[in-house]
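Heads up: numbering here begins at 1 and tracks the sequence. When reading the values below, keep in mind they use all heavy atoms of this one structure, side chains included, and skip hydrogens, waters and symmetry mates.
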Amino acid sequence: REVAALLMVPLVGPADVYDEEDKDGMYPGLASKCRLGGQFADSAELRRMIYEALKLLTRTKEGRQYLRDEKLYPVLREVHKFEESFEKPDELHIEMLEEIVEQTMLLDEPDVD
């Protein structure tokens, strides 16, 4: 159950960007890392692989719900800011992050009767 949350650990930024509301309901290990703070993974390749894995989870209703339940949005929000902070941002990384957020946080699941 904690796979996606553990994937996010290399994406956790400084502790001061996460408030208690961000961490409330988050997987305990990820919330703990957010409290301690971290450094975004230096490797663009590693970040891309994590984004690809998260995108795979958005392909199914269960995967999208899982990402919502794990409350990963605060980390996605901060890593998106990090990706945009480069002098030449990697547009693919930004696009992938935005797609993950759109699929998990912004779109409603269709009602199935």
What distance separates [X] [atom1] from [Y] [atom2], expressed to the nearest 0.5 Å?
X   : Y    : atom1 : atom2 : result
R77 : M105 : CZ    : CE    : 11.0 Å
R68 : Q103 : CZ    : CD    : 9.0 Å
R47 : E52  : CZ    : CD    : 13.0 Å
T58 : Q65  : OG1   : CD    : 13.5 Å
E83 : L92  : CD    : CG    : 9.5 Å
C34 : M8   : SG    : CE    : 8.5 Å

Which heavy atom of [X] sits nearest a heavy atom of [Y], and at what distance?
X   : Y   : result
L72 : A4  : CD1-CB, 3.9 Å
E70 : A5  : OE1-CB, 3.8 Å
A53 : L7  : CB-CD1, 3.8 Å
H80 : L97 : CA-CD1, 3.8 Å
E84 : P89 : O-CG, 3.8 Å
Y18 : L11 : OH-O, 4.3 Å

task: Output, in order, the C-alpha distance, side-chain angles, deciding distance and verdict of side chain to side chain contact (heavy atoms under 4.5 Å, CB included) for L6 and L30.
output: CA-CA 7 Å; L6 293 175; L30 186 58; over 6 Å; no
query: Are I94 and M49 connected, step by step, through hydrophobic side chains (Ile, Leu, Val, Met, Phe, Trp, Tyr) whose heavy atoms are closer than 4.5 Å?
result: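 Result: no, two separate clusters.
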query: Can you name the ring pair (Phe, Tyr, Trp, His ring centres under 6.0 Å) partners of F86, sequence neighbours left out?
result: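 Checked F86 against ring pair (Phe, Tyr, Trp, His ring centres under 6.0 Å); matches are F82.
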- prompt: Does the pair E20 and K23 meet the rule for a salt bridge (charged side-chain N to carboxylate O under 4.0 Å, His left out), with working shown?
  reply: CA-CA 5 Å; E20 284 307 311; K23 295 173 273 197; 3.2 Å; yes
For the residue pair [X] and [Y], establish whether any side-chain heavy-atom pair is separated by less than 4.5 Å.
X   : Y    : answer
L76 : L67  : no
L46 : P10  : yes
E78 : F40  : yes
H93 : R48  : yes
L57 : I100 : no

Sidechain-backbone polar pair: K55 side chain, M96 backbone, donor-acceptor under 3.5 Å: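 Such a contact is absent between K55 side chain and M96 backbone.
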message: Quick check against the 3.5 Å criterion: does R64 have a side-chain atom that pairs as donor or acceptor with the backbone of T104?
response: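 No, because the side chain of R64 does not come within donor-acceptor range (under 3.5 Å) of the backbone of T104.
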message: Checking V3 against Y66 for the side chain to side chain contact (heavy atoms under 4.5 Å, CB included) test, could you report, in this order, the C-alpha distance in whole Å, the side-chain angles of both residues, the deciding distance, and whether it holds?
response: CA-CA 10 Å; V3 172; Y66 170 72; 4.2 Å; yes
- request: Verify the distance criterion only: is there a donor paired with an acceptor across the side chains of Y51 and E95 at less than 3.5 Å?
  value: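 Side chains of Y51 and E95: no pair found under 3.5 Å.
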